[in-house]
S.K.: 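One structure is given below, represented as structure tokens, and several questions about it will come after.
In this chain, numbering begins with 1 at the start of the sequence shown. What you see below is based on every heavy atom in this structure, not just the backbone, and it leaves out hydrogens, waters and symmetry mates. As the structure lists them, so they are numbered: ligands from 1, and atoms in each ligand from 1.
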Amino acid sequence: MRRSHARSRVKSSSKTDMDPIKFQIRSGNRASSSSSTYTLTKSNSKHAKSNLMLTVASISIVLGFLFLFYSILFSGGNLRGSLRYSVVIDGGSTGTRIHVFGYRIESGKPVFEFRGANYASLKLHPGLSAFADDPDGASVSLTELVEFAKGRVPKGMWMETEVRLMATAGMRLLELPVQEKILGVARRVLKSSGFLFRDEWASVISGSDEGVYAWVVANFALGSLGGDPLKTTGIVELGGASAQVTFVSSEPMPPEFSRTISFGNVSYNLYSHSFLHFGQNAAHDKLWGSLLSRDHNPAMESTREKIFTDPCAPRGYNLDANTQKHLSGLLAEESRISDSFQAGGNYSQCRSAALNILQEGNEKCSYQHCSIGSTFTPKLRGRFFATENFFYTSKFFGLREKAWLSNMISAGERFCGEDWSKLRVKDPSLDEEDLLRYCFSSAYIVSLLHDTFGIPLDDERIGYANQAGDIPLDWALGAFILQTATETSQHSSSGNLHWFHALFSHDSKLLHYLIGIPILMTALVYLVTKWRKPQLKTIYDLEKGRYIVTRIR
Ligand SMILES: Nc1nc2c(ncn2[C@@H]2O[C@H](COP(=O)(O)OP(=O)(O)OP(=O)(O)O)[C@@H](O)[C@H]2O)c(=O)[nH]1
Ligand SMILES: [Ca+2]
């Protein structure tokens, strides 16, 4: 039986609304095939092929997403997490500095880059402690700092960006009620900042914490954090109001000086202590005070006419005008202001005056051995970064990073012994008070590191620095690193779904993508196949006097 392969143009009911398709249709029942049978052989096969392709395509798309989902589920989520932010405010004695950090979570661990868009900081003077008599005044600089941070965090992420304020020595020196008033103002500003904030996140941190945070950022920058404790680097920090010493010590130490921190699966037994009142600015003020108690400080010669000599002021410096400013808080009676002061400009006498300040109270030492006053410090072991004023003074004298202390002595002897007018000419841009400090600072650093902590004069273990690579050795960065690592590990240790927390607790949009896209794709594939599927229609062929099936667009 010859099958008709006659092609036929199906008459459309109206020329315009349907475009006739040239095709053949095979009637359902082969036996009843007739001359007018129409076989959709070509388009059928074409149609079948495109259906097959679509089916394969949709299966492979769904499988692809399942594979992606599988890889996320079991590979610990090796997808680059989206950028997150954190804000830390350092309430220092001379100024308040805000730090804005960007970081990612990768394989369940935070990845920090303190450069480019991932780090910004701004410092405003004065420090919070300057508002002791006017706590509300602190809100102005804090508001300005918060606005700076809001300019660096995408608005949509403010709500999940934590902001913490940690105040240091300047605030520690205030009475507790005054501290609380200033912190109350800070809490009010931070609560209305739009960032994620809790009252307990604004506090005065202990000096020991400050030292630990500085140690963390130093060893993070050196790549030794998470490695062998004996290969870590210690920190000696000379701030304005306090000085910190933090390092890994294997010596037995009293619990009040011992700190244990863990990073990764390594724990570090640290000695960490902050010597309040022994920051550079505070120690220099102590020196002014000792000018008046000459019996306490034999280096402060004084003549019968009650003329006090200050060995830490270069000759020709007008002490009278400045001393009153410094001594106004220390002078007991008016009579003393009439005393006159002369600049002695003598480095070795300045160094022994500084040592006397550091050794005040040494006789009350109740430990195996004491360093400053009656405070215990183990023998300094290993390498150290000497930061803040250690670095600024070393930089001023043009010393290299690993300079010997003997170089500091030579620089100090030249500077203190120079005539003040010549020093002014050499550094006309420097504020007089800042320039004056360098004589005392060079003597204080040697009496601290050598005379008190026993660092040899020709030792290269000390590196004067404020950065390691391009990472600032700022304790606030250490606080952020430790806080973020702790929070992330807490997330990851919460059961087997840690990758889920790490990936989805903040990145809910990733979850949406992984569920939403397959649904969308499947719907798309369905619609396409629906669209491609021939819409068949039965029409009555008048010529043939019977119904035929035809496809419409
Ligand atoms: N010479 C010099 N000293 C500086 C400079 N910047 C800061 N300092 C001093 O370095 C010390 C510590 O600096 P910061 O930590 O920023 O000051 P701070 O946090 O307000 O002071 P603390 O609360 O004691 O840490 C202070 O005595 C500052 O006066 C600088 O550029 N040059
Ligand atoms: Ca500081």
S.K.: Would you say H450's side chain and I455's backbone share a donor-acceptor pair under 3.5 angstrom?
M.R.: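 Judged by distance alone, yes, a pair lies under 3.5 Å.
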
S.K.: With a cut-off of 4.0 Å, which atoms of ligand 1 are near a heavy atom of T94?
M.R.: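 Matching atoms, with element in brackets: 17 (O), 18 (P), 20 (O), 29 (O).
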
S.K.: What protein heavy atom is closest to atom 9 (C) of ligand 1, reported as residue, atom name and distance in Å?
M.R.: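 Of the protein heavy atoms, N389 OD1, 3.5 Å lies nearest.
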
S.K.: Taking the six-membered ring for Trp and the full ring for Phe, Tyr or His, determine whether the centres of F480 and H99 are under 6.0 Å apart.
M.R.: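 No - the distance between ring centres of F480 and H99 does not fall below the 6.0 Å cut-off.
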
S.K.: Does CH2 belonging to W158 count more than 12 external heavy atoms closer than 6.0 Å?
M.R.: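 Atom CH2 in W158 is crowded, with more than 12 foreign heavy atoms closer than 6.0 Å.
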
S.K.: Whether the E210 and S274 side chains hold a donor-acceptor pair (N or O, under 3.5 Å, no angle test) is what I'd like checked.
M.R.: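 Per modelled atom types, E210 and S274 side chains form no pair under 3.5 Å.
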
S.K.: At what distance is the nearest protein heavy atom to atom 13 (O) of ligand 1, and which residue and atom is it?
M.R.: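 So the nearest neighbour among protein heavy atoms is E388 OE1, 4.0 Å.
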
S.K.: Any idea how F396 and F415 line up, ring-wise: parallel (<30°), tilted (30 to 60°), or perpendicular (>60°)?
M.R.: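 Taking F415 first and then F396, their aromatic rings stand perpendicular (interplane angle over 60°).
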
S.K.: Considering the heavy atoms of S242, write down every atom of ligand 1 situated less than 4.0 Å from one of them.
M.R.: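 So the atoms of ligand 1 that pass are 24 (O).
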
S.K.: Does T168 reach ligand 1, in the sense of a heavy atom lying below 4.0 Å from it?
M.R.: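 Yes, that is the case, since the closest heavy atom of the residue is under 4.0 Å from the ligand.
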
S.K.: Can you see which heavy atom on G91 is nearest to which on L128, and at what distance?
M.R.: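 Scanning both residues, the minimum pair turns out to be CA-CD1, 4.2 Å.
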
S.K.: State the atoms of ligand 1, each with its element, that fall below the 4.0 Å cut-off from a heavy-atom position in G240.
M.R.: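 Contacts of ligand 1 toward G240, numbered from 1: 11 (C), 12 (C), 21 (O), 22 (P), 24 (O), 26 (C), 27 (O).
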
S.K.: For A241, is the nearest heavy atom under 4.0 Å from an atom of ligand 1?
M.R.: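 Under 4.0 Å: yes for A241.
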
S.K.: What class does the angle between the rings of Y119 and F114 fall in, given that below 30° is parallel, 30 to 60° is tilted and above 60° is perpendicular?
M.R.: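 It falls in the perpendicular class, over 60°.
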
S.K.: Suppose I only count heavy atoms of Y438 and a 4.0 Å limit; which atoms of ligand 1 are within that range?
M.R.: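 Answer for ligand 1: 1 (N).
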
S.K.: I need the nearest protein heavy-atom contact for atom 3 (N) of ligand 1: residue, atom name and distance, please.
M.R.: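 In this structure, atom 3 (N) of ligand 1 has Y392 CD1, 3.4 Å as its nearest protein heavy atom.
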
S.K.: For G239, take its heavy atoms, then give the atoms of ligand 1 lying under 4.0 Å from any of them.
M.R.: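 Those atoms are 11 (C), 12 (C), 24 (O), 27 (O).
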
S.K.: Work out whether the distance between some heavy atom of F396 and some atom of ligand 1 is less than 4.0 Å.
M.R.: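 F396 does not count as a contact of ligand 1 under the 4.0 Å cut-off.
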
S.K.: Judged by atom type as modelled, is there a donor-acceptor pair below 3.5 Å linking the side chain of N219 to the main-chain atoms of T233?
M.R.: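 Side chain of N219 to backbone of T233, a donor-acceptor pair under 3.5 Å: yes, one is there.
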
S.K.: Which ligand 1 atoms are under 4.0 Å away from a heavy-atom of G92?
M.R.: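 Here the atoms of ligand 1 in question are 18 (P), 19 (O), 20 (O), 23 (O).
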
S.K.: Near D458 CG, under 6.0 Å, is it more than 12 heavy atoms from other residues, nucleotides or ligands?
M.R.: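 Check passes, neighbour count above 12.
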
S.K.: What part of N281, side chain from CB on, backbone N/CA/C/O, both or neither, has a heavy atom under 4.0 Å from ligand 1?
M.R.: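 It is the side chain that gets close, since no backbone atom is under 4.0 Å.
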
S.K.: Using a heavy-atom cut-off of under 4.0 Å, does the side chain or the backbone of F391 touch ligand 1, or both, or neither?
M.R.: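 Within the 4.0 Å criterion, F391 makes no contact with ligand 1.
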
S.K.: Is K123 in contact with ligand 1, taking contact as a heavy-atom separation below 4.0 Å?
M.R.: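 Right, K123 reaches ligand 1.
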
S.K.: Might you confirm whether atom NZ of K150 has over 12 heavy atoms from other residues, nucleotides or ligands at distances under 6.0 Å?
M.R.: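 Result for NZ/K150: enclosed.
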
S.K.: Of the side chain and backbone of R97, name the one, both, or neither that has a heavy atom under 4.0 Å from an atom of ligand 1.
M.R.: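 Looking at R97 and ligand 1, just side chain atoms fall under 4.0 Å.
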
S.K.: With a cutoff of 4.0 Å, is G95 in contact with ligand 1, counting heavy atoms of the residue only?
M.R.: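 Yes; G95 lies near enough to ligand 1 that a heavy-atom distance drops under 4.0 Å.
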
S.K.: Can you report which non-hydrogen protein atom sits closest to atom 22 (P) of ligand 1, along with the distance?
M.R.: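 Checking every protein heavy atom, the shortest distance to atom 22 (P) of ligand 1 gives S93 OG, 3.3 Å.
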
S.K.: Hey, can you tell me if F275 and F278 have their rings parallel, tilted or perpendicular (30° and 60° cut-offs)?
M.R.: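 It falls in the perpendicular class, over 60°.
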
